[in-house]
Asks: 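Handing you this structure, nothing more for now.
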Amino acid sequence: MEKSKVLVVGGTGYIGRRIVKASLAQGHPTFVLQRPEIGLDIEKLQILLSFKVKGATLLEGSFEDHKSLVEAVKKVDVVISAMSGSFFRSHNLLLQLKLVEAIKQAGNVKYFLSSKRRRLRRFLPSEFGIDPARMGDALEPGRVTFDEKMVVRKAIEEANIPHTYVSANCFAGYFAGNLSQMGVLTPPKEKVYLYGDGNVKVVFVDEDDIATYTIKTVDDPCTLNKTVYIKPQENILSQRQLVELWENLTGKKLDKFSISKEDLLASMKGMDYSGQVGVGHFYHIYYEGCLTNFEIGEEGEEASKLYPEVKYKRMDEYLKLYM
């Protein structure tokens, strides 16, 4: 089967650059939107040029130039948005509405049927975290992330654009390497704070694996118009289990302190906006168990079951990077 042509929007970002690499690795003709807004950001330019060296095609386009977006979309079969939805970096989720309009006008990201072959073409918006459809009761101000993702979903579905939503749960780089400690990225040396009793199940996923699974979906009819949950069985761990993995690797026990949900929520007072968003998300993950407190229904698929050939990174192996 001929591989779909893939356009990645946000290809220089944290997850976007990995999606570009995964697309190239899996043999897709890969295109990356090069936005003039990068200005003098030499690091982003160097990333784009490195993609070009590896075989990707750079397409100039801007969210301030609708025609350029339409022209970029016309060249491909699949559009993947990896635009940032975090508040401590940049927050651009609603810019995707301009991308939806470009896709509608281009008219070529669609369900295509011919007498010779049946080909699936689709849009993957920037999601990659908690499934926003399950977060209708999320706390303020963190719920804005979920609300905006649902606004984008609504626009996609009202336009009848074939799609796949990817729920990748907890990025290992932000949630596993630091043993789920807020405000740091590396493991603590002496003491660790547990959320409640630390026994709520969480899903940790290596970011390169997220990209690999994402690209696997683009030509798969099983994932069309569905949510794909990336929940590798061996990476469904409680925070306490994650800490124990680290202690087993280092041979050193950490002093453990429990944080009640009341104390966690009270800590939001006086925090800046991004800090409050983060606390709210931690509350839903580590106290409510929002990543694991449901069964996947007919509306979804689980990636590691669909693609057992992917040798995903287990968290004991991942944590060795920090030793």
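This structure is a prediction, so every number in the text was calculated from the model and none was measured. The first residue in the sequence is number 1, and the count goes up from there.
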Asks: Does a side-chain N-to-carboxylate-O contact under 4.0 Å join Lys231 and Glu302?
Replies: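 Salt bridge: no.
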Asks: Taking Arg143 for its side chain and Ala138 for its backbone only, find out whether a donor-acceptor pair lies under 3.5 Å.
Replies: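 Yes, because the side chain of Arg143 sits within donor-acceptor range (under 3.5 Å) of the backbone of Ala138.
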Asks: Salt bridge or not between Glu299 and Arg134? Use side-chain N to carboxylate O under 4.0 Å.
Replies: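 A salt bridge links Glu299 with Arg134.
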Asks: For Tyr286 and Lys261, indicate whether the former's side chain and the latter's backbone hold a donor-acceptor pair under 3.5 Å.
Replies: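 Flag not set: sc Tyr286 to bb Lys261 has no pair under 3.5 Å.
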Asks: Are any side-chain N or O atoms of Ser23 and backbone N or O atoms of Val20, one a donor and one an acceptor, separated by less than 3.5 Å?
Replies: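 No; judged by distance alone, with no hydrogens or angles, the pair does not exist.
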Asks: For the OG1 atom of Thr145 and the NE2 atom of His281, what is their distance to the nearest 0.5 Å?
Replies: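 Output value for this atom pair is 4.5 Å.
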Asks: Below 4.0 angstrom, N of the basic side chain to O of the carboxylate: do Glu190 and Lys252 qualify?
Replies: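 Between Lys252 and Glu190 there is a salt bridge, with a charged N closer than 4.0 Å to a carboxylate O.
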Asks: Are Tyr307 and Asp220 linked by a side-chain donor-acceptor pair shorter than 3.5 Å?
Replies: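 A pair is found: one side chain offers a donor N or O, the other an acceptor, under 3.5 Å apart.
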Asks: Please check if the side chain of Asp208 supplies one atom and the backbone of Ala22 the other of a donor-acceptor pair under 3.5 Å.
Replies: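 Checking the backbone N and O of Ala22 against the side chain of Asp208, no donor-acceptor pair under 3.5 Å is found.
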Asks: In sequence, state the C-alpha distance, the side-chain angles, and the governing distance for Leu291 and Ile285, and then conclude on side-chain contact (heavy atoms from CB on, under 4.5 Å).
Replies: CA-CA 6 Å; Leu291 305 181; Ile285 292 168; 4.0 Å; yes
Asks: Name the residue from Asp219, Val76, Ile215 that meets the side chain to side chain contact (heavy atoms under 4.5 Å, CB included) definition with Ser4.
Replies: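 Exactly one option meets the side chain to side chain contact (heavy atoms under 4.5 Å, CB included) with Ser4, and it is Asp219.
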Asks: Which residue pairs pass the side-chain hydrogen bond (donor to acceptor under 3.5 Å, both in side chains) test with at least one member in residues 31-43, sequence neighbours excluded?
Replies: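 Checked against side-chain hydrogen bond (donor to acceptor under 3.5 Å, both in side chains) - neighbours excluded - the pairs reaching residues 31-43 are Glu37-Ser62.
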Asks: Are Phe204 and Tyr312 near enough that their ring centres are under 6.0 Å apart?
Replies: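 That pair fails the under 6.0 Å test.
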Asks: Would you tell me whether Ser180 and Gln239 have side-chain atoms, one donor and one acceptor, within less than 3.5 Å of each other?
Replies: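 Per modelled atom types, Ser180 and Gln239 side chains form no pair under 3.5 Å.
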Asks: For Val310 and Tyr213: C-alpha separation, side-chain torsions, deciding distance, then whether side-chain contact (heavy atoms from CB on, under 4.5 Å) applies.
Replies: CA-CA 8 Å; Val310 175; Tyr213 284 123; 3.7 Å; yes
Asks: Looking only at atom types and distance, does a side-chain atom of Asn225 sit under 3.5 Å from a main-chain N or O of His163, one as donor and one as acceptor?
Replies: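 Yes: the side chain of Asn225 pairs with the backbone of His163.
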Asks: Would Lys104 and Phe123 count as a cation-pi pair here, with the cationic atom under 6.0 angstrom from the ring centre and within 45° of the axis?
Replies: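 No - Lys104 does not lie over the ring of Phe123 by the 6.0 Å and 45° rule.
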Asks: Begin with the C-alpha distance, continue with both residues' side-chain angles, and end with the deciding distance and a verdict on side-chain contact (heavy atoms from CB on, under 4.5 Å) for Tyr195 and Val200.
Replies: CA-CA 9 Å; Tyr195 303 105; Val200 172; over 6 Å; no
Asks: So, Glu247 and Lys256, do they make that salt bridge, N to O below 4.0 Å?
Replies: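 Result for this pair is yes, salt bridge flagged.
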Asks: Side chain of Glu158, backbone of Ala155: donor and acceptor closer than 3.5 Å?
Replies: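 Not a single qualifying donor-acceptor pair exists.
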Asks: Say whether, by atom type as modelled, one donor and one acceptor occur between the side chain of Gln181 and the main chain of Tyr193 under 3.5 angstrom.
Replies: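 Yes; judged by distance alone, with no hydrogens or angles, the pair exists.
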Asks: Cut-off 3.5 Å, side chains only: do Gln233 and Lys305 have a donor facing an acceptor?
Replies: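 No - no donor-acceptor pair under 3.5 Å links their side chains.
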Asks: Looking at residues at least two apart in the chain, or sitting in another chain, which of them share a side chain to side chain donor-acceptor pair (under 3.5 Å) with Thr223?
Replies: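 Arg122.
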Asks: Would a line drawn from the ring center of Phe128 to the ring center of Tyr14 be shorter than 6.0 Å?
Replies: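 Centroid separation for Phe128 and Tyr14: 6.0 Å or greater.
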Asks: About how many Å separate CD of Gln26 and NZ of Lys216, when rounded to the nearest 0.5 Å?
Replies: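 If I round to the nearest 0.5 Å, the distance is 5.0 Å.
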